[in-house]
Amino acid sequence: MVPELEMSFLVRSFEIDGRYRALPRTLTNYLQELAVQHAHDLGVARGQLDEGLTWMLSRLRIEMQGWPRWRDELTLRTWPSGLERLFALRDYEIGPGLGVATSAWLVVDERKRRPMRLPAYVQKLREVEPERALVGFEPLPDLVAAEHERRFHVRWSECDMNGHANQSSYLDWAINALPGAFLDAHVPRTLEIEFRAEAYPDDAVLSRCGGGVHTLVREADGVELARLRIGWEPDA
C-alpha cells in the first residue's frame with residue numbers, strides 16, 4: 001500500500017488578499033508543508049537523507065475547480081506517486097473538491113548543487129503502482145512577447161533552509177508583474193512552474209509575462225530562474 005498523509009489547514013487572515021481570497025503562495029506553501037511533513041514521517045526528509053543531500057522542488061502543476069477563501073478549512077492529501085529518471089514524484093488532492101496537483105523533486109548534493117541518483121531507500125517508497133492525481137509535465141512555452149515587466153530583489157527573508165529563495169517567492173515575483181486591477185478580478189485556474197536555477201539574497205530578478213507565460217531571469221547574468229504558465233479565470 002502506498003503511504004499517504006492527510007492534513008487540514010485553516011486559511012488565516014494573513015494568508016489572504018484584499019478580497020478575502022487565499023494568496024496563490026498560501027496554497028503552494030500548504031503543499032510544501034504537507035510534502036515536508038510526509039517526507040519526515042517516511043524517514044527521507046532533509047537531515048534524514050545521507051549527509052550532504054537535500055530535496056529541491058523541480059516542477060509543480062496545479063489544477064483548481066474552485067479557490068479557497070478566508071476561514072475555509074482545507075483538507076490536503078499527499079502520497080509518493082512514482083519515479084521518473086532522477087525525479088521523485090508526489091501528488092496531492094486539495095479538498096473538499098477544490099483541486100489536484102503533482103510535483104517532481106530532486107535529491108541534490110548541497111555542496112556541488114547538482115542532482116543525484118535517488119537513494120535506494122527513496123526508490124523503495126514506490127513498491128506498488130500508485131494512483132495519480134495528474135499525469136505528466138508538458139514543456140512550458142517560451143515567452144514570445146512581454147506585456148508586463150517588473151524588477152525584484154531577493155530578500156533575506158525570502159530564503160529557506162536550502163539557502164536560496166523559496167518556491168513561494170518565485171510565484172510571488174511572477175504574479176506581481178501583472179497589474180493589480182487584473183489580479184483583483186481573476187484567480188488562477190491552472191498553474192505550472194518549472195524551477196531552473198537558484199536565486200540568492202540580493203540577486204536582482206526580472207519578472208516578465210505575456211499570454212499567460214511568465215519567466216524569471218537573473219539580471220546579472222541572464223540566467224532563467226524559472227518559467228511558469230498560469231491560466232486565469234474571472235473571480236465569481
When you compare the side chains of Arg25 and Asn166, does any donor N or O come within less than 3.5 Å of an acceptor on the partner?
no
Testing the 3.5 Å rule here: is there a donor-acceptor pair between the side chains of Asn29 and Glu15?
no
What I'd like to find out is whether the side chain of Thr26 reaches to under 4.5 Å of the side chain of Phe9, using heavy atoms alone.
no
Looking only at side chains, do Glu110 and Thr54 share a donor and an acceptor under 3.5 Å apart?
no
For Tyr20 and Asp72, test the side chains for any donor-to-acceptor distance below 3.5 angstrom and give the result as yes or no.
no
What are the two closest heavy atoms between Ala88 and Leu118, and how far apart are they?
N-CD1, 4.0 Å
Looking at SG of Cys209 and CD of Glu149, how far apart are the two atoms once the value is rounded to the nearest 0.5 Å?
9.5 Å
Measure from the side-chain N and O atoms of His40 to the backbone N and O of Val36, and report whether any donor-acceptor pair falls under 3.5 Å.
no
Looking at every non-hydrogen atom in both residues, tell me the closest pair between Leu57 and Phe195 and how far apart they are.
O-CD1, 3.5 Å
Heavy-atom check, side chain of Arg196 versus side chain of Arg227, under 4.5 Å
yes
When rounded to the nearest 0.5 angstrom, what distance separates CG in Asp184 from CG in Asp235?
9.5 Å
Are there over 12 heavy-atom neighbours, none belonging to Asp50, within less than 6.0 Å of that residue's CG?
yes
Between Trp79 and Glu131, is there a donor-acceptor pair closer than 3.5 Å when you use the side chain of the first and the backbone of the second?
yes
dist Leu60:CG -> Leu191:CG (nearest 0.5 Å) comes out at 6.0 Å
Are side-chain heavy atoms of His164 and Cys159 found at a separation under 4.5 Å?
no
Return yes if some donor-acceptor pair links the side-chain N/O of Thr75 with the main-chain N/O of Gly95 below 3.5 Å, else return no.
no
Any chance the side chains of Gln167 and Thr28 put a donor and an acceptor closer than 3.5 Å?
yes
Do Trp232 and Arg189 touch side chain to side chain, with heavy atoms closer than 4.5 Å?
no
Would you tell me whether Ser103 and Trp105 have side-chain atoms, one donor and one acceptor, within less than 3.5 Å of each other?
yes
Identify the heavy atoms of Pro188 and Pro24 that sit nearest to each other, and give their distance.
CG-CG, 4.1 Å
Over all heavy atoms of both residues, which pair between Arg113 and Asn162 is shortest? Give the atoms and the distance, please.
NH2-O, 3.1 Å
Lys/Arg cation over aromatic Trp67: Arg69, 6.0 Å, 45° cone:
no
Heavy-atom pair of closest approach, residues Tyr200 and Gly163
CD2-O, 3.4 Å
Is it the case that His38 and Arg90 place a side-chain donor and acceptor less than 3.5 Å from each other?
yes
Just wondering, do Arg208 and Leu143 contact through their side chains at under 4.5 Å, heavy atoms?
yes
Around atom CE of Met161, are there more than 12 heavy atoms of other residues, nucleotides or ligands at under 6.0 Å?
no
Any donor-acceptor pair under 3.5 Å linking the side chain of Arg218 with the backbone of Glu198?
yes
Non-hydrogen atoms of Leu86 and Leu106 that approach each other most closely
O-CD2, 3.6 Å
OH-CG distance between Tyr30 and Leu10, expressed to the nearest 0.5 angstrom:
7.0 Å
To the closest 0.5 Å, what do you measure between CG (Leu183) and CG (Asn176)?
7.0 Å
Would you check if there is a donor-acceptor pair between the side chains of Thr102 and Arg132 at a distance under 3.5 Å?
yes
Heavy-atom check, side chain of Val205 versus side chain of His153, under 4.5 Å:
no
Main-chain N/O of Arg155 paired with Glu158 side-chain donor or acceptor, under 3.5 Å
yes
From OH (Tyr170) to CG (Leu225), nearest 0.5 Å
5.0 Å
Evaluate whether atom CD of Glu138 has more than 12 neighbouring non-hydrogen atoms of other residues, nucleotides or ligands under 6.0 angstrom away.
no
Using a 4.5 Å cut-off on heavy atoms from C-beta on, say whether the side chain of Glu33 contacts that of Leu31.
no
For Arg114 and Asp109: C-alpha separation, side-chain torsions, deciding distance, then whether salt bridge (charged side-chain N to carboxylate O under 4.0 Å, His left out) applies.
CA-CA 5 Å; Arg114 293 179 181 173; Asp109 183 308; over 6 Å; no
Indicate yes or no: does Asp91 engage Arg77 in a salt bridge with an N to O separation below 4.0 Å.
no
State, without any angle test, whether Gln123 and Tyr121 hold a side-chain donor-acceptor pair at a distance under 3.5 Å.
no
